[in-house]
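Below: one structure, written as structure tokens.
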Amino acid sequence: MKLYNKIALLAAGLILATSCDVNDPFADKMEIGQILPTTSWELASTVCKAGDEAAFLAKYYTTAKDASIDHCEVWAMITSNESAAATQKLISSPAYAQTVNLNDTVRGFHMLRSYPHSMATLEGTEYHLNATFPTSSTLSPTNWDSPATWDQEKFDLYYPADFQKNFCDKMVAYLTNDSTYLKGLRQLYLNYDYTQEQFDAVNAKYPNLEPLPFSDSQEAGKTKGDLWFEPDTKIIDHYYYATLEGTVTVEHEIATKDDAPAGIDPSKVFPVYKSPHWIYCRYSDNTGGAVTSVRHEYMPLWKELVQLVPFTAWIYDGTNKVYAISFTRTYTLIPKFKVVDTKGKIGTDTETKSIELN
């Protein structure tokens with residue numbers, strides 16, 4: 001085919017394509033979008049007493065030529081927020097509070113009320129609807145804070161099933177994983193009302209250790225403070241030296257400095273100070289001062305004793321005579337306003353609103 005014939009065919013094709021763009025047989029028959037009612041609304045308040053009516057002002061109109069407004073509707077979703085907390089009050093250290101929060105959808109979007117279009121008034125080019133919608137009296141907030149008496153049934157109703165166990169486990173870990181909270185462990189020994197039977201049962205499990213003392217001032221003549229006295233760094237009870245066995249440092253306790261092996265540098269023999277038999281208080285060359293800890297062989301005994309403390313004892317505030325717990329449950333309405341025309345087409349506001357029920 002000659003070149004001019006190819007050019008002629010190309011030109012004819014361009015003319016046909018242009019003609020199709022101008023006279024599209026489908027464009028005249030297809031509907032591009034649809035006209036929906038246009039609306040906006042404002043709530044009279046963002047808070048409302050549960051069971052009362054919530055007031056609003058809605059504005060709406062439609063530009064559809066083949067439909068008019070039929071009615072309006074208020075729909076709502078209901079959400080809840082729960083906060084459950086408890087604070088440790090038995091000892092001063094560690095300070096510990098446990099809190100859990102739960103947000104949940106109580107009910108998905110559902111219609112609260114329908115309004116006939118006849119309720120609205122024409123204001124210029126739009127309709128205004130002054131009306132109210134209902135709230136439920138069953139959605140009143142719940143508050144249980146610092147009770148003077150313990151109510152286990154109420155606690156079980158409000159708090160997660162594992163809350164008490166998690167709280168107690170945390171306190172056991174704080175006080176017995178290491179000696180970080182040694183003062184707190186001592187304070188627990190002084191403050192909590194252990195029984196002689198509890199101490200006897202724990203001591204019986206470890207017959208190779210000198211028993212931990214139970215104090216009864218009338219029976220033994222000594223208070224718990226006398227038994228777990230603060231280590232006295234002015235009184236040297238005995239000594240220790242350290243050796244490296246592989247990668248592990250081992251401390252050896254001896255009665256006097258002269259009991260150290262010949263190969264031990266006398267300057268590396270340090271004092272162990274007077275303290276209760278389950279406490280190890282010694283001079284540390286690393287810190288340049290005294291280091292105090294629970295002897296590792298006694299920590300299992302103390303762990304068992306800490307595990308005996310019930311949740312209610314941990315959270316009882318003896319100063320104010322209340323239990324340091326707090327539970328709140330609140331409900332929120334998330335309403336939507338809808339306008340329905342006679343063709344069944346729905347217009348709705350796009351702004352999220354909420355009402356806290358009190």
- Task: List the steps and the verdict of ring-ring contact (aromatic ring centres under 6.0 Å, His included) for Phe155 and Phe327.
- Result: CA-CA 9 Å; Phe155 182 88; Phe327 174 84; 9.5 Å; no
- Message: Evaluate Tyr298 against His277 for ring-ring contact (aromatic ring centres under 6.0 Å, His included), listing each step before the verdict.
- Response: CA-CA 9 Å; Tyr298 277 92; His277 64 265; 5.5 Å; yes
- Verdict with supporting geometry, Glu230 and Arg186, salt bridge (Lys or Arg N to Asp or Glu O under 4.0 Å): CA-CA 10 Å; Glu230 293 287 353; Arg186 178 179 183 271; 3.7 Å; yes
- Applying side chain to side chain contact (heavy atoms under 4.5 Å, CB included), run through Asn130 and Thr121 and close with a yes or a no. CA-CA 9 Å; Asn130 272 294; Thr121 59; over 6 Å; no
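Counting heavy atoms from C-beta outward, Phe199 and Pro211 have side chains that stay 4.5 Å or more apart. A heavy-atom distance below 4.5 Å is found between the side chains of Lys321 and Tyr316. Side-chain contact check for Asp259 versus Tyr239: every heavy-atom pair is 4.5 Å or farther apart. Within the 4.5 Å cutoff, the side chain of Lys345 has no heavy atoms near those of the Ile35 side chain. Between Gln152 and Gln164 there is a side-chain heavy-atom pair separated by less than 4.5 Å. For the pair Asn81 and Thr332, the minimum side-chain heavy-atom distance is 4.5 Å or more. Residues Trp41 and Tyr60 form no side-chain contact, since every pair of their non-hydrogen atoms from C-beta on lies 4.5 Å or further apart.
Ion pairing of Lys165 with Asp169 is present here, as a side-chain N (NZ or NE/NH1/NH2) and a carboxylate O approach within less than 4.0 Å. Under a 4.0 Å N-O distance rule, the pair Arg295/Glu210 does not qualify as a salt bridge.
In the displayed structure, His110 atom NE2 is contacted under 6.0 Å by more than 12 heavy atoms of other residues, nucleotides or ligands. Enclosure of atom CG in Asn143 by more than 12 non-hydrogen atoms of other residues, nucleotides or ligands within 6.0 angstrom is indicated. Surrounding NZ of Lys353 are more than 12 heavy atoms belonging to other residues, nucleotides or ligands, all under 6.0 Å away. Counted within 6.0 Å of NZ on Lys224, heavy atoms from surrounding residues, nucleotides or ligands total more than 12; the atom is thus considered enclosed. Annotation for Tyr192: atom OH counts as buried by contact number, over 12 foreign heavy atoms lying within 6.0 Å.
Taking the six-membered ring where the residue is Trp, Tyr181 and Tyr174 present perpendicular rings, their angle passing 60° and hence far from 30°.
Remark: the backbone N or O of Ala85 is paired with a side-chain donor or acceptor of Tyr159 at under 3.5 angstrom. Under a 3.5 Å cut-off, the side chain of Asp265 and the backbone N or O of Ser267 do form a donor-acceptor pair.
A pairwise comparison of heavy atoms in Asp151 and Trp144 identifies O-CH2, 3.7 Å as the closest pair. The heavy-atom pair separating Cys168 from Pro310 by the smallest distance is SG-C, 4.3 Å.
Between Trp75 and Phe109, the ring center distance fails the sub-6.0 Å criterion. In this structure, Phe56 has its ring center under 6.0 Å from that of Tyr115. In this structure, Tyr194 has its ring center no closer than 6.0 Å to that of Phe214.
Going from atom OG of Ser354 over to atom CD1 of Ile334 covers 6.5 Å, rounded to the nearest 0.5 Å.
None of Thr348, Val340, Ile346 except one satisfies the side-chain contact (heavy atoms from CB on, under 4.5 Å) rule with Glu73; the exception is Val340. When each of Asn203, Thr176, Val294 is tested with Leu301 by the rule side-chain contact (heavy atoms from CB on, under 4.5 Å), just one qualifies, namely Asn203.
A donor-acceptor contact closer than 3.5 angstrom links the side chains of Arg282 and Ser293.
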